Amino acid sequence: MFDTILFVAFPYVAVAVAVVGGLLRYFKDRFSFSSQSSEFLEKRELFWGSVPWHYGVVIILTAHLLAFLFPDAWGALVANPVRLYALEITGLALALMTIVGLVMLIVRRVQRPRINAVTTWLDWVLLVALLAQVVLGFWVALAYRWGSDWYVRTAVPWLRSLVVLQPNIQFVTALPWVVKLHMLGGFVLVALFPFTRLVHVFTVPVTYLWRPYQVVIWNRRPGPAGRRV
Amino acid sequence: MDIRAQVSMVFHLDKCIGCHTCSLACKNIWTDRKGAEYMWWNNVETKPGTGYPTLWEDQEKYKGGWEVVNEGGKPRARLKLQGRFGALANIFYNPYLPSVDDYYEPWTYDYANLLDAPEGDDQPTARAVSQITGKYIDTIEAGPNWDDDLGGSTIYAANDPNLAGLNEAERAELAELQRVVFFYLPRICNHCLNAGCVAACPAGAIYKRGEDGIVLISQEKCRGWRMCISGCPYKKTYYNWHTGKSEKCILCFPRLESGQPPACFHSCVGRIRYLGVLLYDADRIEEAISVPNQELVEAQRSIIQDPFDPKIIQAARDGGVSDAMLDAAQKSPVYKFVKLWKLALPLHAEFRTLPMLFYVPPMLPVLARVTGDGNYEVAGAADHSLAPLLSSLDRARVPLRYMANLFAAGNEEVVREVYRKLFAVRLHSRSQQVGDVPADEVQRALEIGKTTPEEAGAIFRLTARPTYQERFLVPPLHREEAIEQTISPYKERSETGFGFLETPERRW
Ligand code: HEM
Ligand code: SF4
């Protein structure tokens with residue numbers, strides 16, 4: 001029963017909160033969508049925090065996502081021990097990067113009065129939750145080797161069962177508690193997403209790669225259509 | 001041909017008295033709020049000087065504007081900051097972002113202490129308090145106009161990037177105490193045709209209004225990626241550290257839409273500011289920014305079109321330029337200064353953003369010199385002829401090279417032409433008003449200045465005695481018609497015209 005609440009009910013609630021909350025915030029308070037960059041107030045420490053943190057977390061999250069979307073291909077990829085080694089070592093290094101970066105960001109927020117001045121309590125909640133999550137992740141990777149292999153046989157089937165609305169928690173109930181905490185932590189972050197600056201992740205400006213440099217907006221332009229820019 | 005209209009500006013630097021009224025008018029209306037205290041959408045800096053933010057003109061430091069690269073034998077302009085992939089790679093940390101210390105840390109004073117301090121032996125003081133951290137600041141390191149009127153000139157004026165190309169003797173002469181010389185450079189957003197901020201914004205949040213060319217940042221689309229601050233070579237977009245959004249001069253569009261000039265224009269004590277419409281050919285922007293430095297000013301002039309030419313009028317109408325706008329373009333004082341008379345020049349054309357704020361360079365006190373006995377010797381002061389004026393071009397107290405670096409992308413000839421015409425106007429006017437200049441001198445001045453008595457007279461009138469209506473030709477922008485699509489005009493009427501009515505503060 002308890003497991004059902006944690007691994008079925010909670011994920012659904014978290015996703016529902018994220019979707020409803022995210023949409024509400026997007027349509028009711030779009031002004032609040034921002035990275036809330038603090039680089040203007042402090043640059044040097046931000047560099048040593050933000051760069052390792054983001055490169056680490058973005059790549060690791062992408063790997064989680066890829067294995068979830070293409071479990072067969074992923075399984076084939078890690079079937080070869082050399083590739084598995086390479087992947088795990090890269091993963092550990094990236095995890096270390098995220099931890100170092102995030103600790104740097106947190107220390108900076110504590111220590112620099114200017115950064116402190118632009119920090120809300122939700123920022124603290126988010127930073128602590130993220131730190132817990134990446135530390136747990138690192139712990140899992142160290143203590144329960146070859147996660148890139150067993151992930152596709154435990155977490156992925158469980159997550160997929162949630163997606164198709166036929167929850168099946170037998171894949172995860174027997175896992176060690178550290179692993180379980182890491183999984184739940186993921187959904188805590190999902191639930192936090194609409195209330196924090198995490199919304200910036202969903203507005204990544206990829207359109208910059210192809211949009212025309214100059215943007216011109218007309219209220220009314222008679223004449224030939226399609227000459228908006 | 002794609003003819004568009006642009007609300008454009010001229011600042012006549014000879015008339016600026018450096019009173020900062022413009023800056024305060026702007027501050028009181030737009031930036032007197034949290035996160036924006038340090039912003040001066042309009043600022044007036046002393047030249048020579050390093051400006052605001054410090055050294056903003058140094059694009060090796062800030063990477064603003066465009067540079068021309070050779071692509072398969074063809075010149076192509078690209079952002080100096082980064083390419084498109086670079087923008088995404090650098091998004092977690094922008095190496096070229098100025099920090100608050102490049103401007104100054106905004107502060108107020110602990111005034112309450114003056115009233116509330118307990119009785120004691122000493123007078124209470126009001127200590128400086130940072131407006132960012134709320135903590136006391138012991139030593140204020142910098143502030144608005146820290147180098148005003150050459151304050152700290154050995155640090156500030158001496159490091160002015162425009163001194164590039166001046167020799168030691170010229171630099172020493174500029175700094176000589178008894179004959180120091182400076183002028184004011186009021187700056188607002190240039191509402192460029194090829195804006196660097198617009199191009200650098202990853203989110204596409206910055207846009208130019210098609211009808212009038214005003215460049216704005218959508219506060220709803222801005223995500224705080226803070227690339228525009230770097231992309232604008234004039235450092236006229238600012239990061240609001242409280243809201244996490246970038247902001248900039250909006251050319252007081254709510255005022256323009258109700259027929260008034262922007263607040264800085266309206267309040268200008270020296271009456272140095274002119275506002276009017278220019279027509280330009282948007283299809284030729286690419287071409288105009290790809291020419292070598294020496295030709296930039298002429299290239300920019302060449303895309304500005306004659307509002308009386310029937311072909312241009314027809315093309316403008318086809319492109320949706322309203323008749324009212326065309327009418328304004330024909331009466332525009334900016335058109336006269338920039339295109340007809342060729343007196344007003346873009347600031348730092350080499351940034352290649354095609355700025356639409358133009359400057360008439362100042363005719364400096366050119367000749368005075370302190371002699372051995374400590375007296376001011378004003379060579380040729382009584383001589384109201386052409387010779388002393390002309391000679392000043394070769395031994396001006398501010399070398400021509402300096403002015404060329406500011407206003408002509410280094411092309412001295414362009415600035416020289418402007419000065420020759422200004423001299424001609426001066427002599428011509430003097431001959432008219434005072435009558436002590438020989439007729440042949442005036443004739444020669446007009447020839448050298450490539451002008452006519454009629455033109456010189458017109459320049460004199462628009463420079464010295466323009467009426468309010470002649471200075472500000474605010475075109476009817478007809479936003480009330482445009483707004484109908486999105487909101488009932490009756491509702492909009494009660495909303496002071498801003499549309500966006502959210503408090504600019506961080507809520508999450
Ligand atoms: C590719 C996607 C992402 C982009 C473009 C991005 C961009 C940014 C930017 C520009 C900042 C502001 C940095 C500054 O202060 O100047 C930021 C901060 C932050 N980002 Fe991201 N981010 C991305 C993904 C993520 C992800 C996946 C997470 C976490 C799951 C994350 C968590 C954070 C946090 C916690 C901060 C605040 C750091 C601080 O304490 O100052 N970001 N991000
Ligand atoms: S108000 Fe006019 S005269 Fe005074 S500083 Fe500003 S531009 Fe110069």
Side-chain angles (χ1 to χ4, degrees), chain A residues 25 29-44 46-55 58 101 112-118 120 122-123 194-197 199-200 203-224 227-229, chain B residues 2 4 79 84-85 87-88 91-95 97-100 105 130 132-135 193-195 198-199 201-211 219-226 229 239 241-245 282 285 317-320 479 481-483 485 500 502 504 506-508:
Chain A
R25 180 159 167 191
D29 190 8
R30 200 166 306 173
F31 177 67
S32 73
F33 274 65
S34 166
S35 75
Q36 297 293 346
S37 168
S38 56
E39 183 180 346
F40 179 68
L41 299 176
E42 197 286 327
K43 273 178 83 100
R44 221 174 58 91
L46 179 84
F47 172 77
W48 294 108
S50 180
V51 174
W53 158 252
H54 276 102
Y55 275 105
V58 168
R112 301 277 156 232
R114 284 179 185 173
I115 307 303
N116 208 290
V118 291
T120 61
L122 277 167
D123 283 338
F195 307 107
T196 61
R197 72 162 79 207
V199 288
H200 76 276
T203 56
V204 177
V206 281
T207 51
Y208 188 59
L209 294 179
W210 59 81
R211 79 161 168 87
Y213 267 137
Q214 296 300 330
V215 182
V216 179
I217 298 184
W218 299 85
N219 268 305
R220 244 177 218 188
R221 189 163 196 183
R227 282 206 305 164
R228 300 190 68 79
V229 167
Chain B
D2 181 2
R4 298 181 189 174
L79 278 182
R84 291 171 187 264
F85 284 99
L88 296 191
I91 202 163
F92 312 119
Y93 169 82
N94 169 2
L97 186 77
S99 80
V100 61
E105 180 164 358
S130 162
I132 298 178
T133 63
K135 293 185 179 356
L193 299 185
N194 184 45
V198 177
C201 175
I206 315 185
Y207 62 100
K208 198 172 189 61
R209 302 211 302 191
E211 286 76 9
Q219 292 291 297
E220 295 210 333
K221 288 190 192 160
C222 172
R223 297 282 173 266
W225 306 126
R226 34 118 174 83
I229 326 277
Y239 183 73
W241 53 266
H242 172 62
T243 60
K245 304 268 165 169
I285 289 178
R317 287 213 178 103
D318 291 347
R479 297 303 277 196
E481 288 172 14
I483 208 86
Q485 297 174 75
F500 183 80
E502 265 172 286
R506 186 169 173 198
R507 286 182 285 271
W508 298 82

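Everything numeric in this text was worked out from a predicted model, so none of it was measured. The sequence lines fix the lettering, A, B, ..., with proteins before strands; numbering per chain opens at 1.
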| query | Do R114(A) and V100(B) pass the side-chain contact (heavy atoms from CB on, under 4.5 Å) test, and can you show the C-alpha distance, the side-chain angles, and the key distance before you say yes or no? | reply | CA-CA 10 Å; R114(A) 284 179 185 173; V100(B) 61; 3.2 Å; yes

| message | A side-chain contact here means heavy atoms from C-beta on lying under 4.5 Å apart; do V199(A) and W508(B) qualify? | response | no

| field | Residue, of L122(A), V204(A), T120(A), V51(A), that accumulates the most heavy atom pairs under 4.5 Å with chain B | value | T120(A)

| said: Quick check against the 3.5 Å criterion: does K245(B) have a side-chain atom that pairs as donor or acceptor with the backbone of S34(A)? | reply: no

| remark: Of the listed A117(A), S38(A), S50(A), S35(A), the one with the largest count of heavy-atom pairs under 4.5 Å with chain B is S35(A)

| remark: Under 4.5 Å to a heavy atom of chain A? For I91(B) that would be side chain

| task | Select one option (side chain, backbone, both, neither) describing which atoms of N116(A) are under 4.5 Å from chain B's heavy atoms. | result | neither

| How about F40(A) and I229(B): do any of their side-chain heavy atoms sit closer than 4.5 Å? | no

| request: Please state whether the side chain, the backbone, both or neither of R112(A) comes within less than 4.5 Å of a heavy atom of chain B. | output: neither

| message | Under 4.5 Å from any heavy atom of chain A, what part of I206(B) do you find: side chain, backbone, both or neither? | response | backbone

| message | With a 4.5 Å cut-off on side-chain heavy atoms, are R211(A) and C201(B) touching? | response | yes

| said: Heavy-atom cut-off 4.5 Å, strictly under: side chain, backbone, both or neither for S130(B) against chain A? | reply: neither

| Part of P194(A) lying under 4.5 Å from any heavy atom of chain B | backbone

| request: Mind listing the closest non-hydrogen atom pair of Q214(A) and N194(B) along with its distance? | output: NE2-OD1, 3.2 Å

| remark: Cut-off 4.5 Å, heavy atoms of chain B, and the answer for W210(A) is backbone

| L209(A) side chain reached by F85(B) side chain, heavy atoms, under 4.5 Å | yes

| said: Counting C-beta onward and ignoring hydrogens, is there a side-chain heavy-atom pair between F31(A) and R507(B) closer than 4.5 Å? | reply: yes

| remark: Per-residue tally against chain B (heavy atom, under 4.5 Å) across S37(A), G49(A), P113(A) peaks at S37(A)

| request: Assign the ring pair H54(A) / F92(B) to parallel, tilted or perpendicular, where the plane angle (0 to 90°) is split at 30° and 60°. | output: parallel

| task | Could you tell me whether a side-chain N or O of K43(A) sits under 3.5 Å from a main-chain N or O of L97(B), the two making a donor and an acceptor? | result | yes

